[in-house]
2 protein chains.
Amino acid sequence: MVEYTYPLDSVFNSLADPIRRDIIARVARREYSVGELVAHHNVSFAAISKHLKVLEEAYLIRKRKEGRKQMVSLAPETLKSADEYLGQYRSMWQSRYNKLEAVLKEEV
Amino acid sequence: MVEYTYPLDSVFNSLADPIRRDIIARVARREYSVGELVAHHNVSFAAISKHLKVLEEAYLIRKRKEGRKQMVSLAPETLKSADEYLGQYRSMWQSRYNKLEAVLKEEV
DNA sequence: CTAATATTCAACCATATGGTTGAATATACC
DNA sequence: GGTATATTCAACCATATGGTTGAATATTAG
């Protein structure tokens, strides 16, 4: 368990791993049990369980008990915070496109 | 040096550290020399140099030699890729807001 | 050439990460 | 109750990370 100084630390850290991004992609579509998620990766049950812990501590997923299964779903509000962070910089890569767009409008 | 499987790994990993996010925020506004960036943090010159290496390998910054200084600037196109990744999920947190918005419109 | 400035490199350290295996726990099935 | 299923926990391991200090490498100034 790591102590994160800022919420964005744990969110971006979660997103920095391809297995965790795959889990996010899946649980964004529907609920998955832990075992179902394990079935899609070549790592152990315990490894997936650890990835889920990372995602849960970042508030990116939620787990719900259903009998002996744990059903995992996405907590999309947390992704919003990451998106808002990037939003600060959006104009910087759009500016080039906007210039082009402006030029095209003039030309036509 | 780490080998990243996917470009998003190194981008999100870069963003997962508050010092690196601060560097990004600064160099988004103007060029900074490495020494100037060091002056804003309580860590050694070498530590900042390492953070810059992480950011450079993720293609988030560029360095330009100016005499004995290295001038650092943002490479915003790379942030765009992270933004596009999050864009996949944007409707998921907007939908809730949109529902609320819809309800409010009905109520009023 | 020498000295000062700016930065990186190398070696080191403590802790974190991502994986493993095997035991422990909880729930469901018969 | 006993067995099977689902998941987590604990211990362990190799490597990565983020920091340090001190030496090495430019480049500029005198």
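Lettering of chains follows the sequences in order, A, B, ..., and the numbering in each one begins at 1. Heavy atoms only: backbone and side chains are in, while hydrogens, waters and symmetry mates are out. If you're wondering where the values come from, they're calculated on a predicted model, not measured in any experiment.
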Legend entry - Under 3.5 Å side-chain donor-acceptor pair for A/Asp22 and A/His41: yes
Inset, instruction - Just compare D/dT8, C/dG18, C/dA11 and give me whichever is closest to any side-chain atom of A/Lys63. - result: D/dT8
Inset, instruction - Determine the minimum heavy-atom distance between A/Ala16 and B/Asn13, stating which atoms define it. - result: CB-N, 3.5 Å
Legend entry - OP1 or OP2 of D/dG19 under 4.0 Å from side-chain N/O of B/Ser44: no
Inset, instruction - Kindly point out which of C/dT21, C/dG18, D/dT7 is positioned nearest to the side chain of A/Val34? - result: D/dT7
Inset, instruction - Choose from C/dA6, D/dA6, D/dT20 the nucleotide whose nearest atom is closest to any side-chain atom of A/Phe45. - result: D/dA6
Legend entry - Electrostatic pair A/Lys69-A/Glu31, nearest N-O below 4.0 angstrom: no
Legend entry - side-chain N/O A/His51 vs C/dT17 OP1/OP2, d < 4.0 Å: no
Inset, instruction - Report the distance from atom CG of B/Asn13 to atom C1' of D/dG18, rounded to the nearest whole Å. - result: 11 Å
Legend entry - Spacing of A/Arg26 atom CZ and A/Ile61 atom CD1 [to the nearest 0.5 Å]: 14.0 Å
Legend entry - Residue B/Ala46, side-chain heavy atoms: nucleotide from D/dA4, C/dC9, C/dG19 that is nearest: C/dC9
Legend entry - Under-4.0 Å salt bridge between B/Glu57 and B/Arg20: no
Inset, instruction - Could you tell me whether the phosphate oxygens of D/dT27, OP1 or OP2, come under 4.0 Å of any side-chain nitrogen or oxygen in B/Lys65? - result: yes
Legend entry - Contact summary for A/Tyr6 and B/Pro18, nearest pair of heavy atoms: CE1-CB, 3.4 Å
Inset, instruction - Give A/Lys69 one of three labels, base, sugar-phosphate or nothing, depending on what nucleic acid heavy atoms sit under 4.0 Å from its own. - result: sugar-phosphate
Inset, instruction - To the nearest Å, give me how far apart CD (B/Glu31) and P (C/dA6) are. - result: 16 Å
Legend entry - Parallel, tilted or perpendicular: rings of A/Tyr32 and A/His40 (30°, 60°): perpendicular
Inset, instruction - Would you indicate, yes or no, if C/dT7 has its OP1 or OP2 atom less than 4.0 angstrom from a side-chain nitrogen or oxygen of B/Ser49? - result: no
Inset, instruction - May I ask you to evaluate whether B/Arg68 reaches the phosphate of D/dA29, defined as a side-chain N or O under 4.0 Å from OP1 or OP2? - result: no
Inset, instruction - Starting from the first five and the last five pairs of the helix from C/dC1-D/dG30 to C/dC30-D/dG1, work out the angle between the resulting helix axes, to 10 degrees. - result: 20°
